[in-house]
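Notes follow the structure.
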Number of protein chains: 2
Amino acid sequence: MTLAEKAYDALRHDIVRGALPAGRPLRLADLSQRYGMGFSPLREALNRLQAERLVTAESLRGFKVAPLSLAEFEDAVRVRILVETEALRGAIASGGDDWAANLVAALYALRLQVERQQGRAEDIWELEARHHAFHRALLLACGSPWLMEVFERLYTATERYRIPALLAAPTGAGRNIQAEHAALAEAALARDAVTAVALLEAHYRRTAEAIRTRISDAAA
Amino acid sequence: MTLAEKAYDALRHDIVRGALPAGRPLRLADLSQRYGMGFSPLREALNRLQAERLVTAESLRGFKVAPLSLAEFEDAVRVRILVETEALRGAIASGGDDWAANLVAALYALRLQVERQQGRAEDIWELEARHHAFHRALLLACGSPWLMEVFERLYTATERYRIPALLAAPTGAGRNIQAEHAALAEAALARDAVTAVALLEAHYRRTAEAIRTRISDAAA
DNA sequence: GCAATCACGATTTTCGAAAATTTTGGAATT
DNA sequence: AATTCCAAAATTTTCGAAAATCGTGATTGC
């Protein structure tokens, strides 16, 4: 792996995790110290992250971690619902045995991690990776690279908002998120598109609501 | 404007235009010659374009112009219809006088250029810019930055396919594209969402069909 | 006292060369 | 004749310094 790729992964991780908070200026000299490399690979990584809207750039004035706003989060959730319900219909319509088997596997691996976790805030990253993998496995058979591309982009955009909530309450504070995932997978595997789409939409609306109140609380 | 930004614009232009054909390896030494600058600004531009899927990159093996395929084009059109119909409904629902005025202006400027053009292949870029601006103006009031972001990404993705057709037949080969634009704007301004969405979808399906047969012909 | 100006330090941007890696072409071996 | 191996060439990647630009604070002029 090249240094530029390491820089990309490290920066991306630190931004999504919040180690580099929103709005923070990303000075080359600092980053060079922090990640132990020269300017070139860092600038490459920053340019890629800029195109993904994880960092902002102003000509001759350097880079910053992109700001967070409740409005942007709500917007991202709205578009996620639009795009992912369409992808889900496609996956249910055209998914084969591989899709079904991978979905069962992803759900199972997610469950194992949730049970291992038992509310502890450790290994949040393993949990997060399993969660991402589950949602990806659910949609993957839709057969549309662009739908998947938009899914990935919006997933990381919303990930930035969900991580702080996860760190505070890894099990989901009263809500049985795992049961929602199981029901969603069940409906998809039963090829019940209408139910599956409704469950997916409800899943996101509940998650959005939880994060919304969390952000309001934090502001108070 | 920094050299990196110039490099980004120039590369983007040359890729969309087809001056740098799909699959062509983008060697730093060549690009340095072609655009008259060092490696650094070029690498930055290439990294941004990679994130936009206009170029592909393989570790230690350099960059290439991203390939074209009929399947990818059809996929992009499908997602454009999904996303833009949603944005159009939003714009019609919440667009104010500024939106309406800008839309009228964009349609008018597009018409002026079409008439000036009169089938000649010159100034295709002015025409293309007006066309892009019209579709942007149509959706802009939807109030969703993410919907607009996806629109922009997919517009340039499909632009690569449409430009060769435009160069061959600037007026649209029998089809009165300008009438479609006018009808679309009229329905939107009349706040008739159902009609406007139907016209937008039909507009894209016809364009896709024209390009599809064109590509098939070229292959024969 | 206050605004405009200038010089300095901090920072970004770019270059040119060095380092690392892949690719190429040919010689040696089977 | 085909394959493997190695050195040379081509190419990408990275660094360190130079150039360009921005922001700041002191200084000057009014």
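The chains referred to below are lettered A, B, ... by the order of the sequence lines, with proteins before strands, and numbering in each begins at 1.
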> When B:Glu74 is tested against each of B:Arg80, B:Arg212, B:Arg205 for salt bridge (Lys or Arg N to Asp or Glu O under 4.0 Å), which residue passes?
Replying inline: B:Arg212
> If you check the B:Ala4 side chain, which of C:dT13, D:dT12, C:dT14 turns out closest?
Replying inline: C:dT14
>> I need the CE-C1' distance between A:Met37 and D:dC15, as an integer number of Å.
In response: 12 Å
> Whole-Å distance between D:dT21 P and B:Met1 CE?
Replying inline: 15 Å
> Between atom OH in A:Tyr8 and atom C1' in D:dT13, what is the gap in whole Å?
Replying inline: 19 Å
> Taking CD from B:Glu44 and P from C:dT14, how many angstroms apart are they, rounded to a whole number?
Replying inline: 7 Å
> Considering only C:dT14, D:dT14, C:dT22, which nucleotide approaches the side chain of B:Arg43 most closely?
Replying inline: D:dT14
> With a 4.0 Å cut-off on heavy atoms, is A:Ser40 in touch with a base, just the backbone sugar-phosphate, or nothing at all?
Replying inline: base
> NZ of B:Lys64 versus P of C:dT22: gap in Å, rounded?
Replying inline: 15 Å
> Hey, what's the ring geometry for B:Tyr155 with B:His132, parallel, tilted or perpendicular (30° and 60° as the breaks)?
Replying inline: parallel
> Are A:Arg116 and A:Glu126 close enough for a salt bridge, meaning some N to O gap below 4.0 Å?
Replying inline: no
> What is the distance, rounded to the nearest whole Å, between atom CD of A:Glu58 and atom P of C:dT13?
Replying inline: 10 Å
> Which whole-number value in Å describes the distance from B:Leu60 CG to C:dA20 P?
Replying inline: 12 Å
> So what does B:Leu26 hit on the nucleic acid, given a heavy-atom distance under 4.0 Å: a base, only sugar-phosphate, or nothing?
Replying inline: sugar-phosphate
> Can you tell me how far P of D:dA17 sits from CZ of A:Phe39, to the nearest Å?
Replying inline: 11 Å
> How do B:Ala29 and A:Arg61 order along DNA chain D: which one's closest nucleotide is nearer the 5' end?
Replying inline: B:Ala29
> Taking the inter-plane angle between the rings of B:His203 and B:His135 on a 0 to 90° scale, is it parallel (under 30°), tilted (30 to 60°) or perpendicular (over 60°)?
Replying inline: parallel
